[in-house]
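Report on one structure; see the data block that follows.
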Amino acid sequence: MQTSKLSFEECNLTMTTDVEKLALDWQKRLAVECPDQNEAAKQSIILWLLGSDSKRFDLFNPKELNIAKQAMEYRWRILRQRYLGLGRERAYRNLTTRLGSLVTLRNQIQTWVSLSRDRQRSVIDVLQEVLQELLQNDNYMQQQMADIAKYTTDRRLRDALLFASLEEYCLRPVRNQPLLAYRFVNYLRRTQRGGLTQVPGRDLIRLVSEEVLTD
């Protein structure tokens with residue numbers, strides 16, 4: 001049986017009233033909602049939900065604490081609905097299907113592919129490259145991966161937590177568009193500088209950027 005690498009105490013969770021109550025509430029909830037997960041997995045999920053900087057709860061006013069609770073609820077819903085308990089391939093397929101369904105992003109990618117020489121590439125093919133680029137270069141996701149590695153040694157659970165973190169991050173709204181749409185523009189810029197694309201870079205990036213920035 002896989003065990004969590006770090007306990008609550010080892011992760012330096014400062015058990016203020018709010019943090020302790022949140023942890024206990026989630027322990028009770030996970031016992032009901034995912035009885036098939038062992039105790040170590042449940043503890044790891046709670047650590048992931050609370051985040052690495054638990055001291056921030058000490059600074060929250062009631063409104064901010066409520067927003068934090070809603071964010072935890074949202075992350076848990078993503079994890080439970082599409083990733084928890086699934087094998088890596090199926091979980092990853094759920095991720096790409098979910099992100100590939102974003103209308104703005106799909107239109108961007110289809111525009112890019114139609115203007116390139118390699119018109120056989122699918123939306124999912126390009127999306128996978130964008131996600132790989134994001135995991136390798138985005139500071140937030142790099143930190144998420146480092147944190148998740150501290151929470152659990154269970155490979156399947158690590159994948160589930162990572163994919164849930166990635167989906168939540170990619171869907172964050174920026175000027176009424178998902179953050180992933182902006183990351184796609186960054187991907188185009190990087191690949192164009194590296195000579196990897198076969199499209200008129202400046203014109204295409206301007207076209208896609210204008211589409212993303214349209215409110």
Side-chain angles (χ1 to χ4, degrees), residues 4-86 91 94-95 98-99 101-105 134-135 138-152 154 157-183 212 215:
S4 175
K5 290 177 67 176
L6 298 182
S7 67
F8 287 115
E9 292 76 19
E10 290 170 330
C11 279
N12 293 320
L13 282 178
T14 302
M15 284 299 186
T16 63
T17 301
D18 288 334
V19 176
E20 182 175 15
K21 186 177 186 304
L22 282 172
L24 292 175
D25 287 346
W26 278 104
Q27 285 177 344
K28 295 175 183 177
R29 183 169 173 179
L30 296 186
V32 174
E33 296 188 12
C34 52
D36 54 324
Q37 298 293 319
N38 61 45
E39 291 305 313
K42 293 173 187 175
Q43 184 183 77
S44 298
I45 293 170
I46 294 171
L47 290 171
W48 173 74
L49 289 170
L50 292 174
S52 59
D53 182 20
S54 62
K55 292 182 180 180
R56 73 190 188 281
F57 290 100
D58 294 337
L59 307 176
F60 287 164
N61 59 40
K63 182 178 179 180
E64 292 169 333
L65 182 60
N66 187 55
I67 292 174
K69 289 179 179 179
Q70 292 177 12
M72 294 170 69
E73 174 69 32
Y74 178 56
R75 292 188 102 198
W76 165 241
R77 189 164 63 250
I78 290 174
L79 175 65
R80 187 186 182 196
Q81 288 179 350
R82 280 185 282 280
Y83 308 110
L84 187 61
L86 300 183
N94 286 350
L95 173 68
R98 175 68 183 95
L99 297 179
S101 69
L102 299 174
V103 175
T104 298
L105 180 68
L134 191 151
L135 288 173
D138 187 273
N139 291 334
Y140 174 81
M141 286 309 306
Q142 288 281 314
Q143 185 60 54
Q144 286 292 298
M145 287 189 285
D147 290 340
I148 290 169
K150 297 175 183 177
Y151 301 151
T152 181
D154 186 312
L157 182 57
R158 280 188 180 184
D159 288 341
L161 297 178
L162 174 61
F163 294 155
S165 298
L166 189 54
E167 178 183 326
E168 183 272 330
Y169 184 56
C170 288
L171 294 180
R172 290 183 182 181
V174 179
R175 295 187 61 182
N176 298 322
Q177 300 291 350
L179 181 143
L180 185 58
Y182 295 88
R183 291 297 184 265
V212 172
D215 292 333

Asp25 with Lys21: basic N within carboxylate O range, under 4.0 Å
yes
With Glu167 as reference, evaluate Arg82, Arg172, Arg77 under the salt bridge (charged side-chain N to carboxylate O under 4.0 Å, His left out) test and give the passing residue.
Arg82
Looking at side-chain heavy atoms only, is the closest gap between Leu30 and Gln37 below 4.5 Å?
no
CG-CD1 distance between Asn61 and Ile67, expressed to the nearest 0.5 angstrom
8.0 Å
Would you say the side chain of Asn94 lies within less than 4.5 Å of the side chain of Phe163, judging by non-hydrogen atoms?
no
Taking all non-hydrogen atoms of both residues, which atom of Cys170 and which atom of Leu99 are closest, and how far apart?
CB-CD2, 3.9 Å
Find out whether Asp147 and Leu47 are in side-chain contact, i.e. whether some heavy atom of one side chain is under 4.5 Å from a heavy atom of the other.
no
With distance as the sole criterion, is a donor-acceptor pair present between the side chains of Asn139 and Gln143 under 3.5 Å?
no
If I take atom CD1 from residue Ile45 and atom CG from residue Leu50, how far apart are they, to the nearest 0.5 angstrom?
12.0 Å
Among residues at least two apart in sequence or on other chains, which ones pass side-chain contact (heavy atoms from CB on, under 4.5 Å) with Ala164?
Trp48, Ile78, Leu79, Tyr83
Please determine, by modelled atom types, if Ser165 and Arg75 share a side-chain donor-acceptor pair under 3.5 angstrom.
yes
Indicate the atoms forming the closest heavy-atom contact of Leu105 with Ala181, along with that distance.
CD1-CA, 4.3 Å
On a heavy-atom basis, the closest approach of Cys34 and Trp76 is SG-CH2, 4.0 Å
Nearest 0.5 angstrom please: Gln27 CD to Leu22 CG, how far?
11.5 Å
Taking the side chain as every heavy atom from C-beta outward, state whether Leu157 and Ser44 have any atom pair closer than 4.5 Å.
yes
Candidate pair Glu73 and Arg29, rule salt bridge (charged side-chain N to carboxylate O under 4.0 Å, His left out), full reasoning:
CA-CA 11 Å; Glu73 174 69 32; Arg29 183 169 173 179; 2.5 Å; yes
Shortest non-hydrogen contact from Leu59 toward Glu64:
O-OE1, 3.7 Å
Does the side chain of Arg158 come within less than 4.5 Å of Tyr151's, by heavy atoms?
no
Applying side-chain contact (heavy atoms from CB on, under 4.5 Å), can you list everything that pairs with Asp138, at least two apart in sequence or on another chain?
Leu134, Tyr140, Met141, Tyr169, Arg183
What distance separates Asp159 CG from Asp154 CG, expressed to the nearest 0.5 Å?
9.0 Å
Is any side-chain heavy atom of Leu171 closer than 4.5 Å to one of Leu180?
no
Applying side-chain contact (heavy atoms from CB on, under 4.5 Å), name anything that partners Arg56, two or more places apart in sequence or on another chain.
Asp53, Phe60
